[in-house]
There are 2 protein chains.
Amino acid sequence: MARPRKPLLSRDRIVAAASALVDAEGLDAVSTRRLAAELGVSGPSLYNHFRTKDEILEVVADAVSDRIDLSMFDPDDGRDWPTALHDWAHSYRAALRAHPNIVPVFARGPGRRPAGLRIADAVFGAMVRAGWPPAQATRIGALMRYFITGSALGSFARGFVDDATAYDPAVYPHLGRAHLLAEHREQVDEGAFETGLRAIIDGLSVQYAALGR
Amino acid sequence: MARPRKPLLSRDRIVAAASALVDAEGLDAVSTRRLAAELGVSGPSLYNHFRTKDEILEVVADAVSDRIDLSMFDPDDGRDWPTALHDWAHSYRAALRAHPNIVPVFARGPGRRPAGLRIADAVFGAMVRAGWPPAQATRIGALMRYFITGSALGSFARGFVDDATAYDPAVYPHLGRAHLLAEHREQVDEGAFETGLRAIIDGLSVQYAALGR
DNA sequence: ACCTGAACACCGTTCAAGT
DNA sequence: ACCTGAACACCGTTCAAGT
């Protein structure tokens, strides 16, 4: 076949196929050969558009952050900073929950993904505008990311196992089996996220008040 | 050679070698063949002691949690619950920082790792003893884990890239290059962790006071 | 029981060859 | 420029064979 007169592939097509494959079958299902087959080409063809497989996954991860709402950080948006952080955190979590299989790639740091940087930029700008010192504004963006991605990783993925025999009450006296079951797991996740988010924002409010402005 | 009269391998020897290899060269360096070579045996030998490679890595990860101090959760330890959470979080973070390469395995949930469960059990017990309702005690254990592992993943690993040209000020108006440099990265990490931990504990204290007891 | 080599079904990536 | 097949240097895991 060799080179067709109209390209068979494009970065966008590759990313879309990779994203669908990650969603449907998980990160492990993404091999260059498999992905290429999904696109109707042979494996090495991908290397005309990306330097490595990892670069493809980075773009897939970045596409997820692109769907996170940032409107609450607009200068002319009415929300105060605690409300903005709260609403943003929920949008962030929803975006990750929609694509849980890519979260491990996502969580390993902003790297040079453009959308990830856009987020850091928006949060930083809004916090400084709200009166936070720049050093604290940077930290707030980072710690929120820590909490949200940590929550996504620890919960969407496997949590406790569904096998009651794995948790011997003699060994773990306080771990009643009840809250280890899969159905409860989702409630625990939701509750822990809400409780943690509220605590972070309440705690930051305490620090903010102490700024004395 | 076939079977020696004294076993060449043991689960402990395999885990120790795997741990050292992860620390020295990263998760990607751990292949069954490579690990076996390090132990002076052939690849398939490992399968006499572990069912899968993943099971080996789970034990390596569990060994890390085993080094986390839990004494602050002892019933007769003097520390109040906010201090206990604070001290525990620092011990937790220190354990992960000592073995940053295993964190991705660690972060994907407690699974059925015994030490991870021992931790959940200790935190839960101490929080209930301090007066937290059981549902909240469960959430506190989970949200702390979210924050600490999220912080370990997002920071020890690659963060921002060290190439100044990657961050165009026209695109990211608020991202001064200064705080993107590698030297500053560590300060940002430390600061974000401290600020977030303090906020979480302060925020939980607000909720605790509202329990009215 | 515990190790071996051979084998199966894969990997990511490079590269010369084709148009 | 963009695709191909062949090739390189690997993978995790299974299994019959050996003691």
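Quick note: numbers below take in every heavy atom, side chains included, and nothing from hydrogens, waters or symmetry partners. Keep in mind that this is a model prediction, so the values were computed, not measured. Below, read A as the first sequence line, B as the second, and so on, with proteins coming before strands; counting in each chain starts at 1.
A donor-acceptor pair under 3.5 Å is absent between the side-chain atoms of D66(B) and the main chain of A115(B), judged by distance alone.
The OH-P distance, from Y47(B) to dC11(D), rounds to 12 Å in whole Å. In this entry the distance linking CD of E55(A) with P of dG12(C) reads 15 Å, nearest Å. Look at NZ on K6(B): it is 17 Å from P on dA1(C), rounded to the nearest Å. Distance, R51(B) CZ to dT14(D) C1': 15 Å, rounded to whole Å. dC11(D) atom P lies 14 Å from atom CG of L57(B), rounded to whole Å. Atoms CZ (F50(B)) and P (dT14(D)) sit 15 Å apart, rounded to a whole Å.
Counting only Watson-Crick or G-U wobble pairs whose defining distances are both under 3.5 Å, the stems of 3 or more consecutive pairs in DNA chain D are C:4-8 with D:12-16, C:12-16 with D:4-8.
Residue H49(B) places at least one side-chain N or O closer than 4.0 Å to OP1 or OP2 of dC3(C). The phosphate of dT4(C) (OP1 or OP2) has a side-chain N or O of S45(B) nearer than 4.0 angstrom.
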*Using the side-chain hydrogen bond (donor to acceptor under 3.5 Å, both in side chains) rule, take D69(A) and S71(A) through it: C-alpha gap first, then chi angles, then the decisive distance, then the call.*
CA-CA 6 Å; D69(A) 183 18; S71(A) 64; 3.0 Å; yes
Tell me which donor-acceptor pairs under 3.5 Å the side chains of residues 31-39 of chain B have, and how far apart each pair is, sequence neighbours excluded?
from, atom 1, to, atom 2, distance (Å)
S31(B), OG, R34(B), N, 3.0
R34(B), NE, E38(B), OE1, 3.1
R34(B), NH1, E25(B), OE1, 3.2
R34(B), NH2, E25(B), OE2, 2.8

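Contact of the H99(B) side chain with the F106(B) side chain is not registered, since no non-hydrogen atoms from C-beta on lie closer than 4.5 Å. Annotation: side chain of S45(B) is not in contact with side chain of L8(B) (no heavy-atom distance under 4.5 Å). By the 4.5 Å heavy-atom criterion applied to side chains, T149(B) and L153(A) are not counted as neighbours.
Taken residue by residue, residues 12-40 of chain A places heavy atoms nearer than 4.0 Å to DNA chain C at V30(A), S31(A), T32(A), R33(A).
When distances are taken from the side chain of P44(A) to each of dT4(D), dG12(C), dG12(D), the shortest belongs to dT4(D). Taking every side-chain heavy atom of K53(B) into account, dT13(D) is the closest of dT13(D), dC3(C), dG12(C). Checking dC2(C), dT4(D), dT13(C) against every side-chain atom of N48(B), the shortest atom distance belongs to dC2(C).
Ring geometry, F147(A) versus F193(A): the interplanar angle falls under 30°, so the pair is classed parallel (tilted spans 30 to 60°).
With both ends at atom C1', the span from dA1(C) to dA17(D) equals 14 Å, rounded to whole Å. When the P atom is used for both dA9(C) and dA9(D), the distance is 23 Å, rounded to whole Å.
In this structure, the separation between CZ on R67(B) and CG on D62(B) is 10.0 Å, given to the nearest 0.5 Å. The line from CD1 of I201(B) to CE of M144(B) is 5.5 Å long, rounded to the nearest 0.5 Å.
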